[in-house]
Amino acid sequence: MFNRKTLKHLVGVSCFTLAAFGAASVANADNWRYAHEEYEGDVQDVFAYKFKEYIEDNSDHTLQIYRFGELGESDDIMEQTQAGILQFVNQSPGFTGSLIPEAQIFFIPYLMPTDMDTVIEFFRESKAINEDFPKLYANQGLELLQMYPEGEMVVTVDEPVTSPADFQGKKIRTMTNPLLASTYEAFGATPTPLPWGEVYGALQTNMIQGQENPIFWIESGGLYEVSPNLVFTKHGWFTTAAMANQKFYNGLPENDQKLIQDAADYAFEEIIQHIDGLAEEALAKIQKASDKVTVTRLNDEQIEAFKARAPKVEETFIEMTGESGRELLNQFKADLEAVEK
Ligand code: 6CS
């Protein structure tokens, strides 16, 4: 039996142990910062909030999310992540292309399939996406967590376009990567790279005559108000990527690294469901909101005229990226072939 003194000592020790354990678990409960490029309820925001939900439901950590503009433009949030001020960032290859030239592969027109199931299967299975890209991002101090599609690219212009000749003399805004500029040059237009924050105003003042984006974004950003002719060219998908500062990630215990990977997998599955039907819903909202909007879906023959310009862009991609780009492109094509079978 314990005497009074021993019992008092034991109670003292266990109180101390509990207090120390409590302090340790509080000390291990970090508040991580995550920035993305979109607004409330947009695809990147849904991904970020699902990621947060998983982290917070399965650990003591918390996640603070910053939306477009709260910490600057896309390039600013990438710089802050590389500097370790932010732990996570979601940046689309449309902007990462200047940092990681190989990420521009998504802007070779007509490379990606057009139907959603094949695109999703590709993101799940592709070696290029799941093994090669993480190495390329790691070279820039970034731990690539997930690449995912947001929606099919649709062009909006000041008048309907059905051929490369119709694009002549039109300034089309592109995200700031040189390969996307080559694509619009090949399509017959005058590419005009701009950060997102300048796009609406530039369309409104006719500084530019068009731009490309997925339909949900054309709706949520109100782009149809100032650029009402929607053209479905079927030339690509808007892809994006969530990543962590690699020094931060590598410094975490294994269980936290697993937590982050599981959270990214969870958010990916949720986003796949979220984008299913999203474009159709957004188009219906646009058509309800404006009677100025026109919808042009290019037929096979019209698509062929644009497709015929794609090999030139592929060559430019290889010129820009060298052997590493060539290997990535070969792998990309092999992965696509495998899912298209
Ligand atoms: O066009 C852009 O710049 C923006 N588009 C989308 C769909 N997401 C973020 C990006 O900044």
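Throughout, residue positions are numbered sequentially from 1 according to the sequence presented. Note that ligands are numbered from 1 as they come in the structure, with each ligand's atoms numbered from 1 the same way.
- Atom CD of E269 is surrounded by more than 12 heavy atoms from other residues, nucleotides or ligands within 6.0 Å.
- Remark: R297 is positioned above the aromatic ring of F232, its terminal NZ or CZ atom under 6.0 angstrom from the ring centre and at most 45 degrees off the axis.
- Near E37, with a cut-off below 4.0 Å to any heavy atom, the atoms of ligand 1 are 9 (C).
- Grouping the Ile, Leu, Val, Met, Phe, Trp and Tyr side chains by contacts below 4.5 angstrom, directly or via other members, places I85 apart from F95.
- Ranking protein heavy atoms by distance to atom 5 (N) of ligand 1, first place goes to N213 OD1, 2.9 Å.
- Residue-level proximity to ligand 1 for F95 is carried by the side chain, the only part with a heavy atom below 4.0 angstrom.
- In this structure, Y34 and F51 have tilted ring planes: the angle between them lies in the 30° to 60° band.
- Near P214, the atoms of ligand 1 lying under 4.0 angstrom from a non-hydrogen atom of the residue are 7 (C).
- Taking the centre of each ring, F88 and Y66 stay at or above the 6.0 Å mark.
- Ligand-side atoms of ligand 1 in range of R173: 1 (O), 2 (C), 3 (O), range being under 4.0 angstrom from any heavy atom.
- Remark: ligand 1 atoms within the under-4.0 Å shell around heavy atoms of E38 are 6 (C), 7 (C), 8 (N), 9 (C).
- Here S92 has no heavy atoms under 4.0 Å from ligand 1, in either its backbone or its side chain.
- In summary, the side chains of T321 and E102 do not present any donor paired with an acceptor at a separation below 3.5 Å, with no hydrogens or angles considered.
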